[in-house]
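See structure below.
Chain letters run A, B, ... following the sequence lines, proteins first, then strands; residues in each count from 1. The shown structure was predicted, so the numbers you read here are calculated from the model rather than taken from an experiment.
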2 protein chains.
Amino acid sequence: MSERRPGIADVARAAGVSASTASVVFSGKAPVSQATRGRVLSAAAELGYTGPDPRAASLRRGRSGIVGVLFMEPLRTAFLDPVKTAMMDGLTEGVAALGAGLLLLHDDATGNGDLLTSAPIDAVVVINSSDAIGEALALLRARGVPIVVIEGDAAAGVPRIGLNDREAQRLAAAHLAQLGHRHVVVLALPPRRDRARDWLDADDEIRFDVTRDRLAGARDLFPDAAAFAVEENSIDEGVRAGRALLSSRERPTAVIAQSDLLAAGVIRAAEDAGLRVPEDVSVTGFDGVRVDGLDGYELTTLVQPAFEKGRAAGAAVARMLAGEEAASITFTCTFREGTTTAPVRIPSVG
Amino acid sequence: MSERRPGIADVARAAGVSASTASVVFSGKAPVSQATRGRVLSAAAELGYTGPDPRAASLRRGRSGIVGVLFMEPLRTAFLDPVKTAMMDGLTEGVAALGAGLLLLHDDATGNGDLLTSAPIDAVVVINSSDAIGEALALLRARGVPIVVIEGDAAAGVPRIGLNDREAQRLAAAHLAQLGHRHVVVLALPPRRDRARDWLDADDEIRFDVTRDRLAGARDLFPDAAAFAVEENSIDEGVRAGRALLSSRERPTAVIAQSDLLAAGVIRAAEDAGLRVPEDVSVTGFDGVRVDGLDGYELTTLVQPAFEKGRAAGAAVARMLAGEEAASITFTCTFREGTTTAPVRIPSVG
DNA sequence: TTGTAAGCGTTATCAT
DNA sequence: ATGATAACGCTTACAA
């Protein structure tokens with residue numbers, strides 16, 4: 001008695017039409033008379049047919065309607081970052097235009113090499129790639145899967161959605177310079193995976209280009225600025241780093257943080273150390289996201305169009321799927337002056 | 001010249017074997033001699049064949065290897081919550097055992113009704129469902145898609161992964177009672193969607209069962225405790241609510257927050273108001289997650305196995321896919337005393 | 001250990 | 001507007 005689920009052929013038969021006609025009723029790809037349409041639909045309802053099996057449709061169409069999102073880190077840390085979640089929202093919207101959904105992939109341990117090969121994905125968006133991605137990228141290209149990269153080293157021919165990080169960061173640096181700051185320290189994002197929290201040496205290899213470019217932008221104004229790199233983009237890391245930065249005897253008058261989360265951490269650390277922001281120390285961030293828990297301050301920062309970046313990636317995917325060329329895009333950040341920067345205080349003459 | 005991509009049949013032909021043998025070489029579902037195996041593999045390499053087309057395999061097997069995760073809110077707010085991201089990590093691991101990946105779905109505006117019907121998903125995990133999900137659930141059941149619910153109103157016959165919220169919250173309340181607290185206020189999660197931040201009336205409808213159960217647990221000890229509900233689970237909401245709670249003339253001696261994020265916000269608000277935690281006001285949280293930016297306090301809270309919950313949901317999906325019955329599971333929270341609760345201060349006798 | 005054969009459930013094309 | 005036909009690319013009994 002275990003009936004197998006009805007297929008479109010069953011529906012067609014019950015409605016007295018051909019399978020192709022029934023198919024068209026569901027896809028809407030061709031005109032159908034009201035009469036037949038009605039008969040097909042009620043036959044479907046009768047049989048409990050809920051529409052074409054997506055698996056079969058995928059095969060026939062050569063499209064699954066699924067776009068992979070490949071992260072270089074565990075989801076937990078990726079989603080800790082408001083920029084990434086905003087991007088995900090944008091990406092969701094971008095691929096929704098395609099009628100597609102997002103499949104989570106991460107280049108990290110168990111079973112994911114598998115998914116990369118075995119998941120029915122039409123395209124992949126890579127988030128914040130680094131060299132570590134080489135293998136995965138090669139796999140995907142061999143499969144002929146279109147790839148778009150957001151913030152990272154795109155291989156040749158891979159469209160990249162990025163920011164004018166260097167120029168943007170330079171704006172914040174210029175702002176501080178104009179306020180009279182001379183002793184500035186950069187609080188940097190991780191330079192590469194698995195690198196311990198520490199000062200950045202001149203010969204430290206910086207593999208993440210966001211880190212590299214923002215640092216370059218800061219040093220365009222402050223060539224000698226020291227840089228301290230965290231292990232992870234979070235408020236707590238900012239607090240820890242902030243403690244280190246602010247307790248040194250040669251305390252900087254300003255901190256250029258490479259993210260708003262880090263900036264929030266620095267501010268917290270400053271408060272804890274009895275320093276006032278911006279009176280005793282100025283702090284700039286980067287991203288322009290709402291930082292949960294930074295109530296009371298308006299961060300001086302660079303506002304990046306995170307949502308737009310995601311949506312643009314979705315659009316690029318759509319173009320590639322349509323067989324067109326998708327160009328790389330560089331978005332522009334806008335400088336926003338907040339309440340966390342102020343003119344440097346002239347040391348009172350002893 | 002536009003060659004179509006090679007299929008397994010091409011590989012088989014080139015290797016001088018049958019398609020089924022070639023198939024088995026890739027799936028490993030049956031023994032193959034080293035010799036043929038080698039020939040097939042090199043033929044594949046030769047032709048640039050990267051393995052079976054997942055779309056075709058899906059159809060044939062009747063499985064896509066994709067599990068949908070259905071959120072009731074935009075990703076941005078869902079992922080703001082560390083509990084949800086930990087759960088996602090667990091879920092990822094849980095379905096990885098199945099060789100499956102996670103497809104993001106949200107019951108929210110554009111095109112998602114579509115995905116629910118048109119995405120090739122083998123099962124769906126619903127996060128924090130409320131009644132709003134009714135329609136989506138019905139759709140999925142009609143399609144015959146197995147469903148598992150995490151924290152929410154499961155329809156009859158749908159396995160649910162949940163917590164002993166009421167009993168757990170009661171522990172924290174008892175802890176406060178034992179410390180001598182009598183005037184306690186509950187800081188509650190949203191009672192339903194789109195409900196403004198405000199005090200909870202007796203006749204307020206509470207649709208999210210987490211909110212309802214934790215409130216019940218608190219009132220088991222403090223039947224008359226007032227409750228203030230936020231709009232969203234975040235530190236900032238906690239700060240805002242905290243300001244309201246702590247500035248009232250009849251200031252409570254303790255606040256039972258229904259999440260760690262809210263608790264963190266209350267603590268922040270207390271600090272801002274010049275109150276010390278726990279000396280002037282005790283605060284308890286719920287979740288036991290690391291709260292970014294709450295450096296310095298160890299929250300008294302209920303630790304919930306968020307990761308485990310996700311993994312259990314994955315396991316339940318696996319069972320259902322294997323045709324077995326999957327039972328509902330209730331996880332247990334453990335009470336953890338931190339530094340944010342202390343004996344109530346006896347008002348000095350005037 | 002390998003091969004044969006029969007689909008899996010659709011949809012695109014072309015003809016009517 | 002509708003129907004007949006032929007794939008889409010693979011997997012899995014079953015037979016040899």
Side-chain angles (χ1 to χ4, degrees), chain A residues 3-41 43-44 47-65 99 117-122 143-145, chain B residues 3-41 43-44 47-65 99 117-122 143-145:
Chain A
E3 300 280 338
R4 90 181 191 308
R5 296 187 73 78
I8 202 169
D10 303 305
V11 174
R13 197 173 315 115
V17 301
S18 75
S20 25
T21 303
S23 173
V24 164
V25 166
F26 287 102
S27 72
K29 297 244 179 196
V32 183
S33 79
Q34 276 308 323
T36 39
R37 180 187 171 69
R39 265 180 306 135
V40 168
L41 255 23
L47 296 174
Y49 179 78
T50 52
D53 180 330
R55 285 176 280 257
S58 289
L59 173 57
R60 183 57 242 234
R61 297 217 242 241
R63 285 281 159 79
S64 65
T117 341
S118 69
I121 44 185
D122 296 336
R143 263 184 77 184
V145 176
Chain B
E3 301 280 337
R4 90 178 192 310
R5 297 187 72 77
I8 203 170
D10 303 305
V11 173
R13 198 172 315 115
V17 301
S18 76
S20 43
T21 303
S23 173
V24 166
V25 166
F26 288 102
S27 71
K29 297 246 179 193
V32 182
S33 79
Q34 276 306 325
T36 37
R37 181 185 171 70
R39 267 181 302 135
V40 168
L41 255 23
L47 295 174
Y49 179 79
T50 52
D53 180 331
R55 285 176 281 259
S58 289
L59 173 57
R60 186 54 240 243
R61 298 217 242 241
R63 285 280 159 79
S64 65
T117 342
S118 69
I121 43 184
D122 295 336
R143 263 183 78 184
V145 176

- Lys29(A) atom NZ is separated from dT2(D) atom C1', nearest whole Å, by 18 Å
- Message: Taking 4.0 Å as the cut-off, does a side-chain nitrogen or oxygen of Ser58(B) come that near to OP1 or OP2 on dC8(C)?
- Response: no
- Note on the structure: Here the pair of heavy atoms bringing Thr50(B) nearest to Arg5(B) is OG1-NH2, 4.3 Å
- Message: Please confirm whether the shortest side-chain N or O distance from Thr36(B) to OP1 or OP2 of dT1(C) is below 4.0 Å.
- Response: no
- Can you sort out the partners of Asp53(B) under side chain to side chain contact (heavy atoms under 4.5 Å, CB included), two or more places apart, ordered by chain and number? Arg55(B), Ala56(B)
- Item | Closest non-hydrogen atom pair, Ala43(A) against Ala15(A) | CB-CB, 3.8 Å
- Query: Reckon Ser18(B) has a side-chain N or O less than 4.0 Å from the OP1 or OP2 of dG3(C)?
  - Reply: yes
- Item | N-O pairing of Asp122(B) and Arg61(B) below 4.0 Å | no
- Message: I need the CZ-C1' distance between Arg55(B) and dT11(D), as an integer number of Å.
- Response: 17 Å
- Item | Distance in angstrom units between Arg63(B) CZ and dT12(D) C1', rounded | 15 Å
- Query: CD of Gln34(B) versus P of dT2(C): gap in Å, rounded?
  - Reply: 10 Å
- Take Arg13(B) and Ile8(B) through the side-chain contact (heavy atoms from CB on, under 4.5 Å) test and state the conclusion after the steps. CA-CA 9 Å; Arg13(B) 198 172 315 115; Ile8(B) 203 170; over 6 Å; no
- Note on the structure: d(Ile121(B) CD1, Ser64(B) OG) to nearest 0.5 Å is 7.5 Å
Please produce a list of atom pairs where a protein N or O lies less than 3.5 Å from an N or O of nucleotides 9-11 of chain C.
residue	atom	partner	partner atom	Å
dT10(C)	OP1	Tyr49(A)	OH	2.7
dT10(C)	OP1	Asp53(A)	N	3.2
dT10(C)	OP2	Ile8(A)	N	2.5
dT11(C)	OP2	Ser23(A)	OG	2.6
dT11(C)	O2	Arg60(A)	NH1	2.6

